[in-house]
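Step one of this worksheet: look at the structure below.
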Amino acid sequence: LVIVLRDTLEKRGALGQIKARIRAEVFNALDDQSEPRPPLSRENLLINELIREYLEYNKYKYAASVLTAESGQPEVPLDREFLAKELNVVEDTNGKSVPLLYGIISHFLHGGKEESTQNTLPKVSLLNYPKQNFGRPPTDRNQK
């Protein structure tokens with residue numbers, strides 16, 4: 001019965017969510033709130049926000065909550081338009097449907113060869129790439 005229950009929870013994806021929730025709760029319980037966090041630099045604030053947007057988009061909500069708690073990132077996410085402006089990124093309408101990090105990575109994967117000479121993110125997203133290429137070690141991937 002235990003094996004069948006575990007297999008069922010794994011197939012539904014619930015077991016992974018439960019484990020992530022337990023990890024987040026354990027972290028929160030062990031986190032020493034009396035120890036002050038070092039102040040966030042501007043760069044770390046922006047990097048953490050890009051990561052949080054990516055985590056939340058992919059529904060890694062427990063990972064995002066641990067990142068926020070551990071890093072000292074403000075609970076309220078930064079406005080996406082503010083984030084894009086701070087990073088000097090000009091988005092097209094297609095790019096706004098995915099996290100900024102996808103567009104930034106896609107931009108560099110394409111060598112920055114977009115139609116425009118501005119800092120415009122490309123119109124393609126990583127979601128369109130063959131998944132098997134991302135599972136290989138970096139030395140096995142085609143490098144542009």
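FYI, side chains are in, hydrogens and waters are out, and symmetry mates aren't considered; it's all heavy atoms of this structure. Keep in mind that this is a model prediction, so the values were computed, not measured.
For residues 54-65, there are no salt bridge (Lys or Arg N to Asp or Glu O under 4.0 Å) pairs, not counting sequence neighbours.
Every salt bridge (Lys or Arg N to Asp or Glu O under 4.0 Å) that R80 has, sequence neighbours left out, goes to E53, E91. Checked against salt bridge (Lys or Arg N to Asp or Glu O under 4.0 Å), R12 has no partners two or more places apart in sequence or in another chain. Listed by chain and number, the residues in a side chain to side chain donor-acceptor pair (under 3.5 Å) with E86 are R42 (sequence neighbours excluded). Taking E25 as the reference, R21 meet the salt bridge (Lys or Arg N to Asp or Glu O under 4.0 Å) condition, with sequence neighbours excluded. Qualifying side chain to side chain contact (heavy atoms under 4.5 Å, CB included) partners for I3, counting only residues two or more places apart in sequence or in other chains: R6, D7.
Members clustered with L9: L5, L15, by chain and number, using a 4.5 Å side-chain heavy-atom cutoff among hydrophobic residues.
No donor-acceptor pair closer than 3.5 Å links the side chain of N58 to the backbone N or O of Y60.
The two residues L100 and L50 come nearest to each other via the heavy atoms CB-CD2, 3.7 Å.
Relative ring orientation between Y102 and Y57 is described as perpendicular, the plane-to-plane angle rising above 60° on a 0-90° scale split at 30° and 60°.
Taking CG of L109 as the reference point, atom CD1 of I104 lies at 12.0 Å (rounded to 0.5 Å). Of the inter-residue distances, the one linking I51 atom CD1 with L46 atom CG reads 11.0 Å to the nearest 0.5 angstrom.
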Could you list the donor-acceptor pairs under 3.5 angstrom formed between side-chain atoms of residues 62-74 and any protein atom two or more places apart in sequence or on another chain?
residue : atom : partner : partner atom : Å
S65     : OG   : Y62     : O            : 2.8
T68     : OG1  : R52     : NH1          : 3.4
T68     : OG1  : A64     : O            : 2.9
S71     : OG   : L67     : O            : 2.7
S71     : OG   : Q73     : N            : 3.1
Q73     : OE1  : N48     : ND2          : 3.1
Q73     : NE2  : L45     : O            : 3.0
Q73     : NE2  : E49     : OE1          : 3.0

